[in-house]
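Residue numbering restarts at 1 for every chain, and letters A, B, ... go by the order of the sequence lines.
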Amino acid sequence: MRFVIRKILGLIPLLLFTWTLVFAVMQVIPGDPVNLMLAGVPASEEVRANERKRLGLDRPIVERYFHFLGRAIQGDLGEGFRSRQPVSTMILEQARPTLELAAGGLVVGLTVGLILGVIAGIRPNTWVDTVCMVLALVGVSLPSFWIGMLLIWIFGTMLMWVPITGRGFSALILPSITVGLFIAGGFARLVRASVIEAMGQDYVRTAKAKGLPPVKVVLKHALRNAMIPPVTLLGIQIAVLIGGAVVTENVFARPGLGTMLVEAVLAKDMPLVQALIVYKTAAYVIINTMIDIVYGAIDPRIRVEQAA
Amino acid sequence: MGKMRKTKSFLMSTAAALLGLAALAAPVSAQDITVIWADDSTSDVTFDPRVTQSRHEEQIIVQVFDQLIVADEAGKLYPGLATSWQAAPDGMSVTLKLREGVKFHDGSPFNAEAVKFTFDTIVDPRTGSQGAIDMIGPYDGTDILGPYEVRIKYKRPNGGAIDSFTENELSIVSPAAVQRLGNQGFAQNPVGTGPFRFVSWERNREVVLERNEDYAWGPEFMGKEKSRVAKIIHRYIPNNATRVAALEAGEVHVADIVPALDTKRLGDSGRYKSMIGVAAGLSFGALFNTTRPPFDDIRVRQAFFHSINRPRLAQNLYFGLVKPAFGPLAPPTPAYWDGVEKYFPFDQAMANRLLDEAGWRPGPGGIRQKDGKPLTAYFPVLTLPDVAVAMQAEARRVGFDIKVENVLKQKQDEVLMANQYEMAVIRWVSNDPGVLAIPFHSSNIPEPGKFKFNWSRIADPTMDKMLADASAAPTAAERTRLYGEIQKKIMDMAIFLPIHDQVQTVVHTAQIEGLRYSRGNWQVRLVGAKPAGR
């Protein structure tokens, strides 16, 4: 418990640091928010001055920094430059489709990754292993936009089995596979390595010697102990997904936090960028803390070490 | 392995069940229809016509709002919310009689108060208008002459006033709704008098509109029958390939900005119809920096212009769907002058002669030289790098070495403000020939920190005066004449090379018909859509 509290407290200076860093970077990168916003219109100087004032860009940089920060501490992250809506509302709106895709991608990624990894791990250096690892390699190496396009072409346009865009469960299938294949690739390779290692351990030999059926040996004894490295990777993947899968969102015309962040950065929409980065940083830390706790559940030896 | 097999078969049966359930867009039925539009953006932030500056937002606005005067695709004017109008001979005001019996979607009445409220709030800085404020011109106020009669006054003569009332940005908003929702709320819940009322908006996913059952005041050219479109679903599909795939899979009925190759393929299949709209405003063209060598010499600019075979370029890149451009204004723009079509035909011999005269001699590698310096020019491009590269290849044949760089907007802004470029492409959609002031008036030369659009950096007092006179012309005929002279002057100065028409490529399923471009050929009015042949 103390461990969790320490992690959460550690989040505060970290958030302040990222906040400041993002603020500084946004000042340095070229482009003026008002220009970017008005790029397509014959806006007069009057319009530009109005906008500058509305966005608070007419104030000195130090004042702006503390103004943003002061409001943020009170829980008000401000309004988006372009949308003129509260950024917290905007993020909440986009969080749902992002979480849907993250969940879908994880289900596909874990299932496929686990199956490929275990099959390859219990038959190392056979043709089965080679086939599984080539599939894993394909998953990690092929760019998402290409896999996405291929899936759209086969299942959307040719076979017309699933909708390409839209909302609801059926429209989540293709994007989940696109994201899932990438996760599955890396996951499968780690599972394979861990299973191979675990299969050589004493406790597996003991289990086998006791005459347990092979399935039970693999799933109960070997796999459980082999899960630490894959779970670590999983934590990172979840955090990435929660931040939004930009390319997949674009290909399948899904709303999401990834697209929102890219657009916000390109438009130099400061309040939105700040809020999104804070959200992402917090997500990383919280998920990694959760993964640390999961270690203990998977492997009782870790719990013993912590207690000691 | 038993457990694993079970898992697998479970997955398969789940997948099969899901696939069976997959719902595709309903086919177009005989009676009322739903039209699903696929838009190429994800950037919509407001549907308040007074605020918008985005053609994507206007695609919604044109369905939800009405304008005082409506123009058909050819630019002919029809009564809209105003039944008649009269411009004062001095150009200082316009008097309009308004239609009676019109209601906003919230039930509040349309009247002179609504017009005054809309225009007064456009010029209020608190509204944060980005487009309408410049379109409304030198607005000085609205006099209410009666419940259905207004006089719009200007600080200076405004010959463009009547045209300006056809713009989507000057659509009339419901004062009651703005007062109830506030400007921010109204931007998310627009209330107009148009053929469709706003229902919902899920950001970056879709907007839903429903037919306004009371709508009986559409412009004459749209026909008097009730719209067959009960519902519009406006989806955001930014990826070109996905948008086309969704159209082919029947998930959407209409897609905008379809790439040329797909437009041709889909059109050839017979199952789709394409609408190629030539946008009014500036042609897609290049501005040449007259303050830096080599284009500070008019002969070098003329040589460059003659070296480009524009008809061939348009044919090769757009399969004949897009026509070459000849003047600074696109043909559908009011006051277009067709004299431009005689300028700068493709003529390599002429280009070579002009370069010889200017002192640029053939040098190593086919690149011309003068005083030991090669004939090079830096050409940053934001979009359509293929056009820039095609021009690069053509100009190379007469000895130009053009350095094309595909840049991000931020980088483009920097080099343009710092005057570190020799040429740059511009495009601008507008129904107002006054758009010419944007790239050609001396007050619009970019400076450090001030991004503006006079990228040829031409500072010509005569030009400035001509632009000012034309924008203050009291009558439309005078305005057309003055803008014609300006177009001639721009061509004579050889500062703008028109490349091709700026087009909107909308493709829709052949199952529906009756879609029409609104003025400027950029937004599509969906009110007239109906099942094909019925």
- Message: Less than 4.5 Å to any heavy atom of chain B: does that hold for the side chain of A:Gln94, its backbone, both, or neither?
- Response: side chain
- Note on the structure: Cut-off 4.5 Å, heavy atoms of chain B, and the answer for A:Leu159 is neither
- Query: So among B:Arg235, B:Arg205, B:Glu206, which one has a side chain to side chain contact (heavy atoms under 4.5 Å, CB included) with A:Thr165?
  - Reply: B:Arg235
- Message: Quick check against the 3.5 Å criterion: does B:Glu251 have a side-chain atom that pairs as donor or acceptor with the backbone of A:Ile164?
- Response: yes
Among [options], which residue has the highest count of heavy-atom pairs closer than 4.5 Å to chain B?
{"options": "A:Pro213, A:Gly168, A:Ser83, A:Pro214", "value": "A:Ser83"}
{"options": "A:Met260, A:Glu79, A:Met90", "value": "A:Glu79"}
{"options": "A:Ala253, A:Ala171, A:Pro255", "value": "A:Pro255"}
{"options": "A:Glu249, A:Lys268, A:Gln85", "value": "A:Gln85"}
{"options": "A:Met158, A:Glu263, A:Glu93", "value": "A:Glu263"}

- Got more than 12 heavy atoms from elsewhere within 6.0 Å of CZ, A:Arg123? no
- Task: For atom CH2 of A:Trp153, decide whether the heavy atoms of other residues, nucleotides or ligands shown that lie under 6.0 angstrom number more than 12.
- Result: no
- Query: Is it the backbone or the side chain of B:Ser129 that comes under 4.5 Å from a heavy atom of chain A, or both, or neither?
  - Reply: backbone
- Task: Counting only heavy atoms closer than 4.5 Å, note whether B:Val51 contacts chain A via side chain, backbone, both or neither.
- Result: side chain
- Which atom pair, heavy atoms only, marks the closest approach of A:Asn250 to B:Thr242? O-OG1, 4.5 Å
- How close do B:Gly128 and A:Arg84 get, heavy atom to heavy atom, and via which atoms? O-NH2, 2.9 Å
- Just how far is it from atom CZ of B:Arg203 to atom OG1 of A:Thr259, taken to the nearest 0.5 Å? 13.5 Å
- Stepwise, does the side chain to side chain contact (heavy atoms under 4.5 Å, CB included) test hold for B:Asn204 with A:Arg254? CA-CA 7 Å; B:Asn204 287 0; A:Arg254 290 181 61 82; over 6 Å; no
- Task: For each of B:Arg126, B:Glu248, B:Glu202, B:Lys452, tally heavy-atom pairs with chain A at distances under 4.5 Å, and name the one with the top tally.
- Result: B:Glu202
